[in-house]
2 protein chains.
Amino acid sequence: MANVTIRDVAREAAVSVASASRALNGHKSVHSETRARILEVAERLAYVPHAGARSLSLSRAHIIGVVLPALHGEFFSEIVRGMDGEAVSRGYQLLLANMHMGSEETTKALRMMRGRVDGMVVMAPHGDPQELAGHLQSNVPAVMLNCSDPRERFPALLIENETGARAMTRHLIATGCRRIVHVSGPRGNIDADERTAGFLAAMAEAGLSDQASVIEGDFLEEGGVKAAHRLMAGDLPDAVFAANDMMAIGCMLALREGGISVPGELSLAGFDDIPAARYLNPALTTLRVNIADLGARAIQLVTRAIDGDDGSGPLSTRFSPDLMIRATTRPL
Amino acid sequence: MANVTIRDVAREAAVSVASASRALNGHKSVHSETRARILEVAERLAYVPHAGARSLSLSRAHIIGVVLPALHGEFFSEIVRGMDGEAVSRGYQLLLANMHMGSEETTKALRMMRGRVDGMVVMAPHGDPQELAGHLQSNVPAVMLNCSDPRERFPALLIENETGARAMTRHLIATGCRRIVHVSGPRGNIDADERTAGFLAAMAEAGLSDQASVIEGDFLEEGGVKAAHRLMAGDLPDAVFAANDMMAIGCMLALREGGISVPGELSLAGFDDIPAARYLNPALTTLRVNIADLGARAIQLVTRAIDGDDGSGPLSTRFSPDLMIRATTRPL
DNA sequence: CTGTTAGCGCCTTCAT
DNA sequence: ATGAAGGCGCTAACAG
């Protein structure tokens, strides 16, 4: 049987569609008897409003578009979990668009969202933020995650990458490490670059610039594995500071396989504090970023903007990661 | 500035909206000069079609609704990753609806999807499938994940839970374990129940029913931790078979803290083979379910159904998990 | 309180 | 090849 529309309900209840609409939406001005009849009919016909049509006429979709880069594992699930929770509690659903490919697919995804979402949260740590922002409709609120809109049209939520990386590097130095290698994220990724900068700065501060080196990674487990292999081929540094936990995990696995003891022969640190960081044995020293919270805050910001609470808040908020000293680095 | 619509484009190009529409959608019957002019104008005005209106008139949204239970960590990210990849490659986007709460929120989410999605994939391992299916519009294709529609209106993708659990239990027995405790998922969850059944069946088969016991868990890390504590309070069994990896991980962490050696004093096994299973030290023996693939297949099925390829395939497909023997169980 | 009318933005016959 | 008109399903004035 075809879809039952509000007209079917109206006809069956012998009223106009307007009345049906009013009754269905709980408007006051409708006689209680009429309303009851309408609701009864709707129930009997199993009527479900057509959300698409509804949002067209209301120009309100109750959907938030989420554009994410090809995210890996727990970072992805955590951030989506945070967003979803907040969104649902505010009556919104999430329209997802992972962008693995280049800007080609991304613009396409962005276009598909026009007229379908009330707001968006965009996370694009690499690539040209300039270009991305250009494809954003300027009339739908958006918030940027880990990348700032150069023209500052949209608020941004940033992680204090550099500060965090500095803190970790200092910790490493304080526990006696001198020769430290940083396994970075892919160059061009803003998080990656900031973390590298923090590392380099802290090393310089300590007069250890000549002891610092950087291996470019990919934010994936594999990148960590590769870096570890390269390290084991030469002589081991005092510590490895990976730009994220996934790579730290990869390092750890490779190191374990290679019979290197951590932190006995080598200290190891990560960044993010994904749940798996605690599963490692020994548990990974890392920087805790409350990922789910970050997602929730992003949703909070957009919904607020959608509801008109515009402009008041600060344009960009920075989240400070916390140093989580666990067992892969030596005690002080 | 307000949103630019197709009418703006038409007016600016001095044609009717019909022509504009045709040109924009690449229809043949439009003079190449007119088309060029229209496209030029659209470009200049930065016109982006209103997807909502478009799908209303085409009754085709190119969106697939995804309803998931409160999923944890990597299981969630893996399945969404699998779905998204397949969806994007077929020109669809994903509308997410995690249902944490009871059927209250779920029905609401389901209703919000009516007239907005072309198809849905629903995963509802616990709760009454009967009821859920009742809330599905019978005119939009759907596929069930890990739960079958009792009335068989929709195809289902199932994991061979019982077979898998049996295989693992047999492995445990073969490596010399006798007293085995199974930490189950929450009762009522179909995956949980089937896994428990498989465990019990294998124990009975081996004449070890009196050595079998079950502790009810929650599929979360915490459930594993609690179970381990309970175990350590009494005398240790030969093995613990957790109904999923998250709980196995919880067990492992608690056991490690309690100074119990695995698999020395106790064998440990999980189910799912989430990436973190390999991070443990020793690495977790488990049953590998290709989660991402499961998601991809689900999308494949719905899109196929949407495109009319209806009815041909088998009504339910079962995925067999593979036994991954790693280091938390003793070698044969 | 209720019905009529006019869109929301787009696509598609049906004429021309 | 192009334009006019109707409709997708629903809601919001505007009259009665």
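Computed over heavy atoms, backbone and side chain alike; hydrogens, waters and symmetry mates excluded.
Taking the side chain of B/Leu56 as heavy atoms from C-beta on, and the options D/dC10, D/dG9, C/dG3, the nearest nucleotide is D/dG9. Checked against D/dC10, D/dC14, D/dA4, the side chain of B/Ala18 finds its nearest nucleotide in D/dA4. Minimum atom distance to the side chain of A/Ser16 is reached by C/dG3, of the listed D/dA1, C/dC10, C/dG3. When each of D/dC14, D/dT2, C/dC11 is scored by its nearest atom to the side-chain atoms of B/Ser19, the top-ranked nucleotide is D/dT2. Here the side chain of A/Val30 is nearest to one of C/dT2, C/dC8, C/dT12, namely C/dT2. Across D/dG9, C/dC1, C/dC10, the shortest atom-to-atom separation from the side chain of A/Ser29 is found for C/dC1. With D/dA12, D/dA4, D/dC10 as the candidates, the nucleotide lying closest to the side chain of A/His50 is D/dC10. Taking the side chain of A/Thr5 as heavy atoms from C-beta on, and the options C/dT2, C/dC10, D/dC10, the nearest nucleotide is D/dC10. In this structure, of D/dG9, D/dC14, C/dC10, it is D/dG9 that holds the atom nearest to the side chain of A/Ser57. Closest approach to the B/Ile6 side chain among C/dC10, D/dT11, C/dT12 is made by C/dC10 (side chain taken as heavy atoms from C-beta onward).
Following rounding to the nearest Å, B/Arg11 (CZ) and C/dG9 (C1') show an atom-to-atom distance of 14 Å. Between B/Arg60 atom CZ and C/dG9 atom C1' the separation is 19 Å, expressed in whole Å. Rounded to whole Å, the distance from NE2 on A/His31 to P on C/dT2 is 7 Å. The CD1 atom of A/Ile38 sits 13 Å away from the P atom of C/dC1 (whole-angstrom rounding). Across the protein-nucleic acid pair, A/Arg37 atom CZ and C/dC1 atom P stand 14 Å apart, rounded to whole Å.
For A/Asp84 and A/Arg81, the salt-bridge test fails: no basic side-chain N is under 4.0 Å from an acidic carboxylate O. A salt bridge is defined here as a Lys NZ or Arg NE, NH1 or NH2 lying under 4.0 Å from an Asp or Glu carboxylate O, and B/Arg44 with B/Glu40 meets this definition.
Counting any heavy atom pair closer than 4.0 Å across all strands shown, B/Ser21 reaches a base atom. Backbone-only contact: A/Leu58 has heavy atoms under 4.0 Å from sugar-phosphate atoms and none from a base. Within 4.0 Å (heavy atoms only), B/Thr34 reaches sugar-phosphate atoms of the nucleic acid but no base atom.
Using the six-membered ring where Trp is involved, B/Phe76 and A/Phe76 have ring planes that are parallel, under 30° apart on the 30 and 60° scheme.
Taking side-chain N and O atoms only, A/Arg22 has no distance below 4.0 Å to OP1 or OP2 of D/dT11. OP1 or OP2 of D/dT11 sits under 4.0 Å from a side-chain N or O of A/Asn25.
Across the interface with DNA chain C, nearest-nucleotide mapping of A/Ala14 and B/Val17 shows A/Ala14 to be the residue nearer the 5′ end. Sequence order on DNA chain D of the closest nucleotides to B/Lys28 and A/His27 puts B/Lys28 first from the 5' end.
In this structure, A/Arg7 places its CZ atom where only 12 or fewer heavy-atom neighbours from other residues, nucleotides or ligands lie under 6.0 Å away.
Atom CG of B/Leu24 sits about 6.5 Å away from atom CG of B/Leu39, to the nearest 0.5 Å. Between the CZ atom of A/Phe154 and the CG atom of A/Leu301 there is a distance of 13.0 Å, given to the nearest 0.5 Å.
Between the base of C/dG9 and the side chain of A/Arg114 there is no donor-acceptor pair shorter than 3.5 Å.
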